[in-house]
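Report on one structure; see the data block that follows.
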Amino acid sequence: MEEGRKIIAENRKARFNYTITETIECGIELQGTEVKSVKSGNISFPDSFALIENNEVFLQNLHISEYSFSSIFNHDPDRKKKLLLHRDEIKRLKRKVDEKGVTLVPLDFYLKKGLVKVTLGLCKGKKLFDKRADIKDRDVKRDMEREFRNRLDG
């Protein structure tokens, strides 16, 4: 883990349901109480994805719960959140997303030097047999490690 990086939330389902070809770090534009809510971990994004509209990247289906200690001036929990990327990165992502079956999925949210960051993954959906193969590989690896430990112990 990098120094100065604290993971807030991680999307484990994305790593199971998608093949991740590339990752990119980007900032996220948040309103006042959203920052405190994210820092306290009140975030949910199992079905979220990113869209490119008018050369801007927006995160859809990201739910940031209202901050419980705020006044009546709270944020809308389900609004589109703008992601902060350089223009060249957006153009490159747009070219790749235009391919069939490629989507942008948030993999994790973390704090870096006090700022909220998102790791976006360029993903392709896995088929059922791909998921089964991953499960089988994980089981075989676990069995090999167990066997190795047993031989070391005695």
Side-chain angles (χ1 to χ4, degrees), residues 1-127 130-139 141-142 145:
M1 188 162 107
E2 293 178 26
E3 192 160 324
R5 179 179 156 147
K6 180 186 173 206
I7 294 180
I8 298 169
E10 192 173 11
N11 192 352
R12 292 190 188 110
K13 267 193 152 179
R15 298 189 190 280
F16 182 71
N17 291 330
Y18 299 101
T19 302
I20 301 165
T21 57
E22 186 180 336
T23 61
I24 188 165
E25 175 187 79
C26 54
I28 183 167
E29 187 179 278
L30 297 175
Q31 294 176 346
T33 55
E34 285 179 329
V35 178
K36 288 190 173 195
S37 191
V38 167
K39 285 184 177 182
S40 64
N42 298 329
I43 186 171
S44 174
F45 59 105
D47 299 327
S48 63
F49 59 95
L51 287 177
I52 301 174
E53 301 172 353
N54 300 328
N55 293 325
E56 293 181 328
V57 183
F58 292 99
L59 209 52
Q60 302 278 349
N61 295 345
L62 171 66
H63 181 84
I64 299 176
S65 300
E66 291 184 353
Y67 188 59
S68 59
F69 300 109
S70 71
S71 62
I72 59 167
F73 303 108
N74 230 326
H75 63 274
D76 176 25
D78 296 317
R79 73 173 183 88
K80 294 193 307 188
K81 279 79 172 174
K82 183 178 177 180
L83 297 179
L84 306 172
L85 290 163
H86 291 284
R87 188 178 300 128
D88 297 337
E89 291 173 332
I90 294 173
K91 285 181 184 176
R92 186 173 55 81
L93 287 176
K94 185 164 176 61
R95 280 195 302 271
K96 291 187 178 185
V97 168
D98 287 341
E99 296 176 21
K100 186 179 179 192
V102 178
T103 186
L104 293 169
V105 177
L107 301 176
D108 57 5
F109 287 82
Y110 57 93
L111 291 174
K112 186 176 179 183
K113 298 180 182 175
L115 300 174
V116 179
K117 300 282 186 176
V118 180
T119 303
L120 264 186
L122 204 61
C123 304
K124 280 192 172 189
K126 285 185 183 177
K127 303 281 189 237
D130 291 334
K131 293 179 188 178
R132 286 184 185 147
D134 285 349
I135 293 170
K136 183 177 178 183
D137 292 342
R138 189 173 60 225
D139 290 344
K141 184 179 176 186
R142 187 182 325 116
E145 289 174 352

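- Residues passing the side-chain hydrogen bond (donor to acceptor under 3.5 Å, both in side chains) test with K94: none are found, sequence neighbours excluded.
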Check against side-chain contact (heavy atoms from CB on, under 4.5 Å), L84 and E29: CA-CA 7 Å; L84 306 172; E29 187 179 278; 4.3 Å; yes

Worked verdict on E25 versus K112 for side-chain contact (heavy atoms from CB on, under 4.5 Å): CA-CA 11 Å; E25 175 187 79; K112 186 176 179 183; 3.3 Å; yes

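- A 6.0 Å sphere centred on NZ of K131 holds more than 12 heavy atoms belonging to other residues, nucleotides or ligands.
- Here the shortest heavy-atom pairing between S37 and S65 reads OG-O, 2.5 Å.
- The line from CD1 of I52 to NZ of K96 is 11.5 Å long, rounded to the nearest 0.5 Å.
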Residue pair I20, R15: steps toward the side-chain contact (heavy atoms from CB on, under 4.5 Å) verdict: CA-CA 7 Å; I20 301 165; R15 298 189 190 280; 3.6 Å; yes

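- Residues L83 and A50 share a closest heavy-atom pair of CD1-CB, 4.4 Å.
- Taking 4.0 Å as the cut-off between side-chain N and carboxylate O, E56 and K82 count as a salt-bridged pair.
- Closest approach of P106 and L120 over heavy atoms only: N-CD2, 3.8 Å.
- Across every non-hydrogen atom of N11 and P46, the tightest pair is ND2-O, 4.4 Å.
- Applying the ring pair (Phe, Tyr, Trp, His ring centres under 6.0 Å) test to every pair with at least one member in residues 8-27, sequence neighbours left out, gives no pairs at all.
- A distance of 10.0 Å separates CG in L122 from CG in L107, rounded to the nearest 0.5 Å.
- The distance from atom CG of L111 to atom NZ of K39, rounded to the nearest 0.5 Å, is 6.0 Å.
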Derivation and outcome, side-chain contact (heavy atoms from CB on, under 4.5 Å), residues T119 and I24: CA-CA 6 Å; T119 303; I24 188 165; over 6 Å; no

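- Residues E22 and R92 meet the side-chain proximity criterion, which asks for heavy atoms closer than 4.5 Å.
- Listed by first then second residue, pairs satisfying ring pair (Phe, Tyr, Trp, His ring centres under 6.0 Å) with a partner in residues 99-119 read F45-F109, not counting sequence neighbours.
- Expressed to the nearest 0.5 Å, how far CG of D134 lies from OG1 of T19 amounts to 7.5 Å.
- Going from atom SG of C26 over to atom CG of L85 covers 4.5 Å, rounded to the nearest 0.5 Å.
- Residue D108 is tested with R12, R5, K117 for a salt bridge (Lys or Arg N to Asp or Glu O under 4.0 Å); the sole match is R5.
- Using modelled atom types, one finds no donor on one side chain facing an acceptor on the other under 3.5 Å when comparing K91 with N55.
- Here NZ of K36 is found 15.0 Å from CD1 of I64. Values are rounded to the nearest 0.5 Å.
- Using a 4.5 Å heavy-atom threshold, the side chains of H86 and E89 count as touching.
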